[in-house]
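These notes concern the structure reproduced below.
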Amino acid sequence: MIRMDIEDEDDINKARRRVRGFLSENGIDRYPLLRSYMLTIVSELARNIYLYAKPGKVNVSMIDEGKKRGIKLEFIDHGPGLDLEKMKKEELGKNGLGLGLTGSKSLSDEFSMDSSPGRGTHITCIKWIK
Amino acid sequence: MYEAQRIPVLKIDENLITSIQIELSDRMVVQLQKDILEKIKKTGAKGLLIDVSSLDIIDSFIARSVINIARTSKYLDAATVVTGISPEIALTLLQMGF
Ligand SMILES: Nc1ncnc2c1ncn2[C@@H]1O[C@H](COP(=O)(O)OP(=O)(O)OP(=O)(O)O)[C@@H](O)[C@H]1O
Ligand SMILES: [Mg+2]
């Protein structure tokens with residue numbers, strides 16, 4: 001498992017580099033598409049922490065569930081939080097295209113977001129190795 | 001904050017060529033965008049080639065920046081060609097909804 005702090009812009013790149021190493025060590029280089037999905041999610045959601053909720057943390061770990069093996073990415077911050085319901089209507093993509101969150105969800109097999117205004121945001125993405 | 005590392009933009013005949021060989025930070029992408037547009041204005045280049053074959057990730061920020069460079073270049077009468085997008089990157093962008 002690796003844990004990273006996201007505080008300044010360089011931490012986005014550091015996170016990508018650390019995750020590259022982690023994926024290599026765990027044999028994920030054999031799955032280039034999976035690797036690309038994971039690196040992209042890390043880049044998107046680490047950037048979101050940097051832009052909207054710094055400081056925050058990124059944790060990456062391998063998980064086993066029965067015969068399934070997967071990668072779990074966690075993004076934790078104590079920033080302003082966001083209201084997904086409200087965002088669907090107006091806020092999503094106010095700053096960019098709004099592809100960071102929806103894109104990360106599409107790249108994951110399992111995606112959960114726990115966020116409330118004032119308390120911060122905890123996003124978990126899981127991708128199973130097929 | 002130290003100055004952003006710069007990606008070279010070369011002029012060959014009527015065209016500009018840039019090959020992204022190092023890990024991109026957001027700051028470098030913004031700098032590259034500026035450098036390319038200034039160089040097109042200065043040289044009147046008619047074509048722009050951006051080679052991304054060394055990149056193992058293109059996230060929404062980088063993708064959007066490349067699209068912006070191509071759009072703006074078009075206004076300056078330069079056509080953009082992007083080469084070297086790996087199949088994984090293409091599929092990732094597609095899956096994200098690009
Ligand atoms: N960790 C977070 N804490 C608080 N607000 C957030 C967080 N992440 C995202 N947001 C809010 O959700 C919006 C949507 O995020 P998303 O990443 O989908 O799009 P974006 O960052 O606006 O644009 P893009 O990622 O496409 O460049 C953001 O504009 C921001 O207002
Ligand atoms: Mg974003």
Side-chain angles (χ1 to χ4, degrees), chain A residues 6-24 28-52 54 58 73 75 92-109 111 125 127 130, chain B residues 1-8 18-35 37 50-74 80 82-98:
Chain A
I6 304 297
E7 243 178 299
D8 50 48
E9 202 195 81
D10 293 328
D11 291 331
I12 303 171
N13 285 69
K14 276 187 207 152
R16 281 189 210 152
R17 277 199 295 274
R18 291 277 310 276
V19 174
R20 266 192 202 100
F22 178 84
L23 294 177
S24 264
I28 306 302
D29 289 352
R30 271 183 295 146
Y31 309 94
L33 188 57
L34 175 65
R35 180 178 180 277
S36 172
Y37 278 23
M38 296 293 95
L39 285 174
T40 305
I41 295 174
V42 167
S43 195
E44 295 295 341
L45 300 186
R47 180 184 294 106
N48 277 1
I49 291 177
Y50 166 71
L51 287 177
Y52 311 120
K54 62 182 161 292
V58 179
L73 308 173
F75 303 84
L92 197 65
K94 194 178 64 184
N95 302 291
L97 273 183
L99 274 181
L101 282 172
T102 55
S104 298
K105 188 173 176 185
S106 307
L107 295 175
S108 306
D109 290 330
F111 179 95
C125 303
K127 190 87 188 158
K130 280 160 202 130
Chain B
M1 193 125 300
Y2 54 84
E3 211 203 320
Q5 233 178 319
R6 267 202 160 90
I7 298 154
T18 184
S19 178
I20 303 168
Q21 300 282 349
I22 31 176
E23 164 93 29
L24 278 177
S25 69
D26 290 4
R27 224 182 299 137
M28 281 162 62
V29 177
V30 172
Q31 185 67 52
L32 178 66
Q33 200 162 342
K34 269 197 220 147
D35 288 349
L37 297 176
I50 305 173
D51 176 54
V52 296
S53 53
S54 299
L55 294 184
D56 68 348
I57 171 185
I58 294 185
D59 64 11
S60 70
F61 184 83
I62 301 172
R64 198 174 302 135
S65 304
V66 171
I67 292 168
N68 280 340
I69 292 172
R71 280 216 185 106
T72 323
S73 303
K74 204 174 146 202
T80 303
V82 180
T83 58
I85 297 181
S86 72
E88 297 84 56
I89 289 178
L91 285 167
T92 304
L93 289 171
L94 200 66
Q95 180 71 20
M96 286 182 85
F98 240 97

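None of these values were measured; they are calculated from a predicted model. Chain identifiers are assigned alphabetically (A, B, ...) following the order of the sequence lines, protein sequences preceding nucleic acid strands; residue numbering begins at 1 within each chain.
Salt-bridge annotation for B/Glu23 and A/Arg16: present, with a side-chain N of the basic residue lying under 4.0 Å from a carboxylate O of the acidic one. Between A/Lys54 and A/Asp8 there is no salt bridge, since no side-chain nitrogen of the basic residue lies less than 4.0 Å from a carboxylate oxygen of the acidic one.
For the residue pair A/Thr40 / B/Thr92, no side-chain donor-acceptor distance below 3.5 Å is found, with atom types taken as modelled.
A/Leu33 touches chain B through backbone and side chain together, each having a heavy atom under 4.5 Å away. Heavy atoms closer than 4.5 Å to chain A are found in the side chain of B/Ile62, but not in its backbone.
None of B/Ile7, B/Val29, B/Ile58 except one satisfies the side chain to side chain contact (heavy atoms under 4.5 Å, CB included) rule with B/Ile20; the exception is B/Ile7. Under the side chain to side chain contact (heavy atoms under 4.5 Å, CB included) test applied with A/Glu9, the options A/Asp11, A/Asn13, A/Ile12, A/Ile6 reduce to a single match, A/Ile12.
Interface residues of residues 44-51 of chain A toward chain B, defined by a heavy-atom distance below 4.5 Å and sorted by number: A/Glu44, A/Arg47.
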*Show your working on side chain to side chain donor-acceptor pair (under 3.5 Å) between B/Ser54 and B/Gln21 and close with a plain yes or no.*
CA-CA 6 Å; B/Ser54 299; B/Gln21 300 282 349; 3.0 Å; yes

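Ranked by heavy-atom pairs under 4.5 Å with chain A, the list B/Leu91, B/Leu24, B/Asp56 is led by B/Asp56.
Around atom NZ of A/Lys105, no more than 12 heavy atoms belonging to other residues, nucleotides or ligands sit under 6.0 Å away.
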